[in-house]
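See below for the structure under consideration.
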Amino acid sequence: EFDKLNKAIEKQDPVALRHAAHSFWPQLEFVGLKKAASIDDALEAEARSDFRYHVLTDLLKALKNDIEMGLKAMKRQGL
């Protein structure tokens, strides 16, 4: 899913980005990555409005970072 987000931003395709973000959100919520889900929601909202490349790339970096931190925390907890 993360690759779909990245490709949609690189191609500057707001429709693909909205679809990718919308389908990724429930997966993030399901595994308890609430902050990542919130960032994903912001990606979808930005795709619906201005599609500012610099904002989207910053959000994508934040999303990747939060997912990585969340996965590390889950591993430490044995999940």
Side-chain angles (χ1 to χ4, degrees):
E1 295 294 330
F2 189 82
D3 288 337
K4 290 179 186 177
L5 295 170
N6 193 41
K7 287 178 186 175
I9 291 170
E10 290 302 317
K11 291 181 179 181
Q12 297 185 11
D13 185 344
V15 174
L17 181 58
R18 284 196 317 265
H19 287 284
H22 190 76
S23 66
F24 198 23
W25 184 86
Q27 296 172 50
L28 297 168
E29 282 283 324
F30 180 75
V31 296
L33 296 174
K34 305 290 185 190
K35 182 177 177 187
S38 177
I39 296 168
D40 182 70
D41 195 39
L43 276 167
E44 185 177 357
E46 182 64 26
R48 288 186 196 283
S49 60
D50 298 329
F51 204 89
R52 294 170 293 181
Y53 184 81
H54 68 282
V55 172
L56 291 168
T57 56
D58 287 349
L59 286 168
L60 193 63
K61 287 177 192 173
L63 178 62
K64 182 179 180 182
N65 184 51
D66 194 71
I67 290 171
E68 288 172 352
M69 288 176 29
L71 291 175
K72 286 178 186 176
M74 285 183 211
K75 285 181 183 179
R76 282 193 303 268
Q77 295 173 359
L79 301 176

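Everything numeric in this text was worked out from a predicted model, so none of it was measured.
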Practice item. State yes or no: do Leu59 and Val15 share one hydrophobic cluster built from I, L, V, M, F, W and Y residues joined by side-chain heavy-atom distances below 4.5 Å, directly or via other members? Key: no

Check your understanding: When clusters are formed by joining ILVMFWY residues with side-chain heavy atoms under 4.5 Å apart, either directly or through shared neighbours, do Phe24 and Met69 land in the same one?
Key -> no

Point to revise | Distance (rounded to the nearest 0.5 Å) between Leu43 CG and Asp58 CG | key: 10.5 Å

Check your understanding: Considering residues at least two apart in sequence or located in another chain, which fulfil the side-chain hydrogen bond (donor to acceptor under 3.5 Å, both in side chains) criterion with Lys34?
Key -> Glu29

Review point. Taking 4.0 angstrom as the limit, do Lys4 and Glu1 come out as a salt bridge?
Key: yes

Check your understanding: At their closest point, which heavy atom of Pro14 faces which heavy atom of Ala47, and how far apart are they?
Key -> CB-O, 3.6 Å

Exercise for review: For the pair Gln27 (side chain) and Ser23 (backbone), establish whether a donor and an acceptor sit closer than 3.5 Å, ignoring hydrogens and angles.
Suggested key: yes

Practice item. Check each of Leu63, Leu56, Leu60, Thr57 against Asn6 using the side-chain contact (heavy atoms from CB on, under 4.5 Å) test, and report the only one that passes. Key: Leu60

Point to revise | Point-to-point distance, once rounded to the nearest 0.5 Å, from NE2 of His19 to CG of Leu5 | key: 12.5 Å

Practice item. Measure the CH2-CG distance between Trp25 and Leu33 for me, rounded to the nearest 0.5 Å. Key: 12.5 Å

Review point. When rounded to the nearest 0.5 angstrom, what distance separates CG in Leu17 from CD in Glu10?
Key: 11.5 Å

Check your understanding: About how many Å separate NZ of Lys64 and CD1 of Ile67, when rounded to the nearest 0.5 Å?
Key -> 10.0 Å

Practice item. Please answer: with hydrophobic residues joined when any side-chain heavy atoms are less than 4.5 Å apart, are Leu28 and Met74 in the same cluster? Key: yes

Point to revise | CG-CZ distance between Asp13 and Arg18, expressed to the nearest 0.5 angstrom | key: 9.0 Å

**Study point:** side chain to side chain donor-acceptor pair (under 3.5 Å) contacts in which one or both residues fall within residues 36-51, not counting sequence neighbours
**Key:** His22-Glu44, Glu44-Arg48, Glu46-Arg52

